[in-house]
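This is a predicted model, so every value here is computed, not measured.
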Amino acid sequence: MAKVQVNNVVVLDNPSPFFNPFQFEITFECIEDLPEDLEWKIIYVGSAESEEYDQVLDSVLVGPVPAGRHMFVFQADAANPGLIPDADAVGVTVVLITCTYRAQEFIRVGYYVNNDHTDPELRENPPVKPDFTKLQRNILASNPRVTRFHINWDDSNEKMDDSENTNPNMQPILTLSSLPSASKGLSVTGNSLHRMSDSLMNCM
């Protein structure tokens with residue numbers, strides 16, 4: 001049984017300009033004291049074509065963690081545009097929140113992210129070289145994906161089960177809320193999201 005349960009994630013400051021920091025309010029619960037740190041990471045998927053464009057935006061160690069419920073705001077700088085291929089700057093990508101214990105990842109929460117111009121003229125005629133200062137980032141907070149993994153929480157060497165399920169709706173694993181405006185101003189259609197989902201969510 002997992003000793004850490006993620007209860008809630010709130011996406012803050014969403015939508016926002018591309019260069020604004022990512023902010024997630026994370027609530028989790030430990031069923032017993034953890035003597036070692038939890039390592040949380042925020043990873044930005046720069047391109048669905050290759051993992052070489054993935055960027056670890058930040059990582060933080062939390063612990064030792066006593067039993068009970070805990071909450072913190074995890075903030076990370078925006079992705080480095082110089083590491084994003086021009087062809088992937090505008091459109092849908094993915095941001096991931098992962099957590100590991102003793103170097104073992106046990107949960108991965110992913111969100112679709114849509115980067116688009118707010119200026120209608122730039123939407124109609126996007127520049128060949130993206131101008132990131134004119135892009136808006138919109139995290140699809142209402143449609144997260146979660147993958148959980150069985151890990152060895154103790155010092156024993158017992159064999160672990162295979163990695164577990166992906167639950168597209170994250171229920172009842174995770175209850176999510178976001179700002180009321182989080183779904184506004186999105187130009188990506190449902191069909192385009194589905195077309196990209198396989199390649200993007202492979203990283204999850």
Side-chain polar contacts of residues 16-25 - donor-acceptor pairs under 3.5 angstrom, sequence neighbours left out - could you list them?
{"unit_1": "Ser16", "atom_1": "OG", "unit_2": "Asp13", "atom_2": "O", "d": "3.4"}
{"unit_1": "Ser16", "atom_1": "OG", "unit_2": "Arg137", "atom_2": "NH2", "d": "3.1"}
{"unit_1": "Asn20", "atom_1": "ND2", "unit_2": "Asp13", "atom_2": "OD2", "d": "3.0"}

Heavy atoms of Leu83 and Tyr53 approach each other most closely as O-CD2, 3.4 Å

Counting heavy atoms not belonging to Glu36, are there more than 12 under 6.0 Å from its CD? yes

Answer yes if Val65 and Phe72 sit in the same cluster of Ile, Leu, Val, Met, Phe, Trp and Tyr residues linked by side chain heavy atoms under 4.5 Å apart, and no otherwise. yes

Roughly how far, to the nearest 0.5 Å, is CZ of Arg108 from CD1 of Ile97? 12.0 Å

First locate atom OG1 of Thr98, then atom CD of Glu105, and finally report the distance between them rounded to the nearest 0.5 Å. 5.0 Å

I need the full list of side-chain hydrogen bond (donor to acceptor under 3.5 Å, both in side chains) pairs touching residues 75-90, with sequence neighbours left out, sorted by first then second residue. Ser47-Asp88, Asp86-Lys129

Parallel, tilted or perpendicular: which describes the rings of Trp40 and Phe28, with under 30° parallel and over 60° perpendicular? tilted

Shared ILVMFWY cluster between Leu122 and Val92, side chains joined below 4.5 angstrom? no

Reported CZ-to-SG distance for the pair Phe149 and Cys99, which is rounded to 0.5 angstrom: 12.0 Å

With a 4.5 Å cut-off on side-chain heavy-atom distances among I, L, V, M, F, W and Y, is there a chain of contacts connecting Val56 to Leu96? yes

With a sphere of 6.0 Å drawn around NZ of Lys134, does it hold more than 12 non-hydrogen atoms of other residues, nucleotides or ligands? no

Under a single-linkage definition using a 4.5 Å side-chain heavy-atom cutoff for Ile, Leu, Val, Met, Phe, Trp and Tyr, are Val73 and Val10 assigned to the same hydrophobic cluster? yes

Does the Asn115 side chain pair with the main chain of Leu135, one donor and one acceptor, at a distance under 3.5 Å? no

Identify the heavy atoms of Gln104 and Asn152 that sit nearest to each other, and give their distance. NE2-O, 2.8 Å

Residue pair Val11 / Ala141: nearest heavy atoms and the distance that separates them: CG2-CB, 3.7 Å

Over all atoms of both residues, closest heavy-atom pair of Leu57 and Ala76: CB-CB, 3.8 Å

Hey, what do you get for CD1 (Ile26) to CD1 (Ile42), rounding to the nearest 0.5 Å? 6.5 Å

Where do His117 and Val90 land on the side chain to side chain contact (heavy atoms under 4.5 Å, CB included) test, with the steps shown first? CA-CA 8 Å; His117 296 97; Val90 177; 3.9 Å; yes

Set of side chain to side chain donor-acceptor pair (under 3.5 Å) partners for Glu124, sequence neighbours left out: none

Arg69 side chain near Thr27 side chain, heavy-atom distance below 4.5 Å: yes

Using atom types as modelled and distance alone, determine if a side-chain donor or acceptor of Thr93 lies under 3.5 Å from a backbone N or O of Val45. yes

Considering all heavy atoms of both residues, which atom of Phe106 and which atom of Thr100 are nearest to each other, and what is their separation? CE2-C, 3.9 Å

Decide yes or no on side chain to side chain contact (heavy atoms under 4.5 Å, CB included) for Asn138 and Asn14, but give the supporting numbers first. CA-CA 6 Å; Asn138 194 337; Asn14 185 56; 3.8 Å; yes

Closest approach of Tyr101 to Pro35 (non-hydrogen atoms, all atoms of both residues): OH-CD, 3.2 Å

Using a 4.5 Å cut-off on heavy atoms from C-beta on, say whether the side chain of Pro64 contacts that of Leu34. no

Nearest 0.5 angstrom please: Arg102 CZ to Ile151 CD1, how far? 9.0 Å

For Asp58 and Val60: C-alpha separation, side-chain torsions, deciding distance, then whether side chain to side chain contact (heavy atoms under 4.5 Å, CB included) applies. CA-CA 7 Å; Asp58 203 357; Val60 61; 5.7 Å; no

Give a yes or no answer on whether the side chain of Asp37 reaches the backbone of Glu39 with a donor-acceptor pair at less than 3.5 Å. no

